[in-house]
Amino acid sequence: MARSMLQAVSTAVFGLSAISLPLANAAAVSSTATSARSQYTLPASVQYAENVIPNINDPQAVDAQSVCPGYKATNVQNSTFGLTATLSLAGTPCNLYGTDIDTLNLTVQYQTADRLSVNIVPTYVDSSNYTQYLVRDSLLAKPALDEGVSETSKFHDLSFSWSNDPTFAFTVQRRSTGDVLFTTEGSKLIFENQFLEFTSPLPDDYNIYGLGEHIHEFRLGNNFTATIFPADIANPIDYNIYGSHPFYLETRYFEVDPKTGNTSITTGNATDPSKKYESYSHGVYLRNTHAHEVLLRPNRITWRTLGGSIDLYFYAGPTQPAVTKALLKSNDALPAMQQYYTLGYQQCRWGYKGWSDVEDVASNFSKFEIPLETLWVDIDYLGQLRDFQTDPNTWSIEEGEKFLSSLHSKGQHFVPIIDSAIYIPNPDNASDAYAPFDRGNEVGAFLKNPDGSLYIGAVWPGFTVFPDWLSEGAQTWWVDEITAFHEKVSFDGIWIDMSEISSFCAGSCGSGNLHLQPVHPPFALPGEPGAVVYDYPEGFNITNATEAASASSGAASQSSAASVSATTPASTPIYRPTVTPGVRDVNHPAYVINNGQGDIANKAISPNATHIDGTQEYEMHNVWGYQILNATHNALLNIFPEKRPFIIGRSTFFGSGRWAGHWGGDNYSKWGSMYMSISQALSFSLFGIPMFGVDTCGFLGNSDEELCNRWMQLSAFFPFYRNHNTLSTIPQEPYRWGSVIESTKTAMKIRYPLLPYMYTLLHLAHSTGSTVLRALSWEFPNDPLLANVDTQLLLGPSILVIPVLEPQVSTVQGVFPGIAEGEKWYDWYTQTPVSATAGKNETIDAPLGHIPVYVRGGSVLPQQEYALTTRDARNTPYSLITALSAKGTAKGELYVDDGESVKPNATLFVEYAAENNTLTAVPQGAYVEPQPLANITVLGVPSAPLAGVTFNGVKLPSSSVAYNGTSHVLSVTGLKNYTAAGAWAHKWTLKW
Ligand SMILES: *[C@@H]1O[C@H](CO)[C@@H](O)[C@H](O)[C@H]1NC(C)=O
Ligand SMILES: *[C@@H]1O[C@H](CO)[C@@H](O)[C@H](O)[C@H]1NC(C)=O
């Protein structure tokens with residue numbers, strides 16, 4: 001949860017310094033009516049530091065390229081694996097957004113056959129005062145040189161070249177095509193202590209993906225600034241949100257000359273169906289933890305960071321899977337394997353008031369016979385909103401113990417939220433004791449101000465401190481607190497929130513003000529006076545006209561009441577930070593990034609919050625959320641040494657996937673949020689976080705039947721499948737509306753049978769770096785028309801989903817990829833081939849309650865049966881769907897293990913292949929799967945098997961075989977007797 005009350009506040013306000021907030025003087029402390037105890041509400045002014053204007057929007061901003069001198073390379077030396085050089089400033093320092101650094105070291109390495117690194121660091125780095133922070137390898141894995149590949153430059157598909165005319169520039173080219181992938185020719189390298197810039201031209205209408213985390217179309221386009229700076233902000237379009245993923249994938253399409261086979265780059269994605277195309281993809285990763293910005297402009301990309309170094313990695317691909325696999329492997333970023341149960345359905349909301357509420361929810365799921373795997377609780381359960389304690393009245397330990405043991409006995413699970421900030425008690429109030437703070441403080445677990453005092457911000461419970469993950473004390477304290485809490489509340493996984501890291505005030509606003517504790521956040525919570533939620537999805541005014549009218553008049557009167565008292569922060573003067581050469585100003589970097597919250601101190605802890613080793617949030621902010629996931633992973637391993645930790649975290653950095661999954665944050669009960677969930681998921685596939693899903697039916701605002709109906713169906717195809725909403729809105733569990741119960745079951749009757757396939761995809765992602773949710777352009781790389789598609793998605797290689805993403809319609813437009821190359825698609829429900837035209841948007845019937853799903857010809861899909869929990873589903877017989885390609889072939893695979901062990905002592909891998917009317921299954925591995933095989937369904941069998949059907953040479957009785965001459969579906973049943981030792985105990989063959 002954790003909503004941001006601020007919308008995109010680039011217009012923010014209040015000329016208070018981030019360092020010392022005159023809070024006591026602000027005296028605007030007031031008490032709220034909603035709390036039982038009288039509680040001070042922080043004044044709204046604490047939320048803001050400076051009113052700044054982002055550099056990209058500032059007409060007065062100077063372009064560094066026009067005034068800075070660039071560098072000259074000297075002392076260039078070839079080495080076995082690349083080259084080294086010294087770069088010296090080529091003129092008078094410009095000191096534009098920082099202090100120019102005189103000399104730099106350039107190191108270029110051909111690290112493997114498909115990876116090139118370009119590293120530029122200051123020659124002299126004073127490690128004692130961190131004026132130029134170089135990311136520690138212990139913090140973030142660093143792709144290493146593979147010395148086994150000798151002199152890879154000769155065999156490498158990427159080539160590096162450089163020039164000194166007029167100043168130093170470098171170029172990375174793909175040898176096989178001669179294509180320039182990246183070149184700084186014609187521009188200058190800018191390297192200042194608080195500002196780095198390098199820029200390259202790009203082809204017309206280029207296809208770039210990644211650069212998270214944002215709510216934006218999947219293909220980023222050429223008019224977008226990707227700000228990379230974690231922010232607690234409710235999913236605004238195009239602004240920076242929770243995570244940092246400084247990586248992009250670029251795909252270039254080439255026209256193939258049919259006579260010569262030569263290729264030439266296409267302009268844009270316009271295609272001519274009579275022509276043939278092919279694509280090459282490459283990846284670029286900048287290993288830098290500072291706030292930064294990537295400017296995508298027509299024909300150009302520009303990277304700007306607020307410090308650190310240029311630690312760039314080029315991945316040759318030449319396909320998306322090749323790029324992603326190499327990227328994830330080389331950065332130790334292969335995603336965590338999840339427990340099987342985490343693929344079951346999960347229910348949450350902010351507003352469950354006690355164990356009795358969640359008990360009701362669980363029993364409603366069972367009453368309506370809707371699968372429920374895991375119940376989640378938001379901050380409601382926290383005693384006084386403080387981590388590691390529950391409210392003794394409604395969330396008592398004893399009642400929880402009873403409920404959770406009954407939940408567990410039904411094969412269900414429980415995941416509570418843990419917030420990132422830690423309450424600091426009121427020193428004047430002896431009864432305000434909070435032991436977790438004391439224990440952490442004793443071991444120096446918390447961030448400090450530059451003067452050594454505790455840095456004190458404000459989050460849900462009031463004034464708070466924040467763990468300093470660089471301190472050994474914080475790591476062990478966190479593990480101990482979570483472990484001790486598990487002894488009271490036996491949770492199964494952990495949800496980490498507010499980890500950007502968020503603070504509701506700018507600066508150490510609690511310093512000197514702790515006697516006010518506990519304080520209320522500086523804004524009204526949803527449902528409190530002035531913040532009553534009247535919002536509904538588009539289309540609600542048609543389906544529920546009367547309620548919509550009353551909601552809109554409520555909203556109107558609330559907003560007119562609010563406008564009387566609202567302050568107008570935009571009227572405060574704009575603050576333009578300046579540079580003093582030689583001085584590093586972390587609070588006011590002169591280059592102002594386009595942060596959705598305005599000043600970088602707003603709604604986050606300030607850049608001068610200081611770590612134990614002297615580093616500051618200025619250089620560490622982007623990885624705070626990454627580190628808490630690491631620490632939480634260790635805590636879960638301490639509690640369950642044998643089980644894979646299940647964590648869903650909000651702030652991530654590239655590589656977080658090795659510890660945790662992610663949800664899409666504070667989205668809205670709006671059709672647009674559902675549409676954007678596809679782009680979000682595909683982006684997180686690129687970032688190595690396949691365990692992804694969004695708040696189904698929407699978090700902020702009220703949901704409605706139509707939206708929830710469609711959304712419960714779409715999310716059923718995402719690995720992480722959870723419904724969640726905010727405080728005070730109408731309930732939106734799927735059993736609240738009759739049609740949603742039905743649509744949910746319809747989709748779950750596809751999802752649950754497909755769990756063996758989904759689990760196999762996760763295993764392959766974990767072991768090879770492949771993806772689970774896929775863009776059409778990744779599976780069909782030779783069709784430029786697919787470059788833009790983000791309204792459809794593929795689950796693995798074989799399942800195509802074409803969801804309805806708008807209200808009040810009963811059809812959807814969708815494209816069937818690969819038709820021109822002979823691809824065959826089968827309708828999931830009818831099991832018959834789709835007749836579609838290559839490259840054409842087909843109109844597909846999709847009345848409410850129906851989600852169009854297709855199986856790709858050429859696939860073998862292992863299935864088990866639908867059940868209300870994954871435990872029960874795993875105890876059902878297997879079946880196989882074999883969807884033959886146009887050539888009559890198919891293949892597939894299955895991975896099975898115990899579903900939970902970190903290191904399973906046995907595993908099973910089955911490969912399926914069909915050709916010439918024969919399907920074989922070849923198992924490998926020692927894991928014993930006792931479930932038999934019940935049925936095999938073969939789609940696309942042209943004619944009846946006249947000679948009958950045999951299983952391992954034994955002719956099956958005619959009662960076991962049915963062939964439908966109209967649908968061309970062959971159904972083989974009754975196989976249990978032949979596979980009583982287990983479906984995959986032995987190799988078998990089916991012939992028809
Ligand atoms: C380094 O290698 C490049 C390319 O192989 C070559 O052109 C250049 O002359 C070499 N420079 C030195 C100093 O050996
Ligand atoms: C840069 O190169 C010089 C010369 O090889 C070396 O002494 C120095 O330590 C290098 N600086 C960094 C930050 O690696």
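First listed ligand is number 1; within each ligand, the first listed atom is number 1.
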*Looking just at side-chain N and O atoms, do Thr632 and Trp478 make a donor-acceptor pair shorter than 3.5 Å?*
yes

*Can you check whether Tyr315 and His282 have ring centres sitting under 6.0 Å from each other?*
no

*Residue of the set Glu192, Gln194, Glu293, Glu197 for which side chain to side chain donor-acceptor pair (under 3.5 Å) holds with Tyr591*: Glu293

*Taking atom types as modelled, is there a side-chain donor on Glu500 or His621 under 3.5 Å from an acceptor on the other?*
no

*Which of these, Thr227, Ile233, Asp232, sits in a side-chain contact (heavy atoms from CB on, under 4.5 Å) with Ile241?*
Ile233

_Are Leu104 and Thr86 packed together at the side-chain level, in the sense that at least one heavy-atom pair is separated by less than 4.5 angstrom?_
no

Output block, N or O contacts of ligand 2, threshold 3.5 Å exclusive:
unit_1	atom_1	unit_2	atom_2	d
ligand 2	2 (O)	Asn105	OD1	3.3
ligand 2	2 (O)	Asn105	ND2	2.3
ligand 2	11 (N)	Asn105	ND2	2.9
ligand 2	11 (N)	Thr123	O	2.9

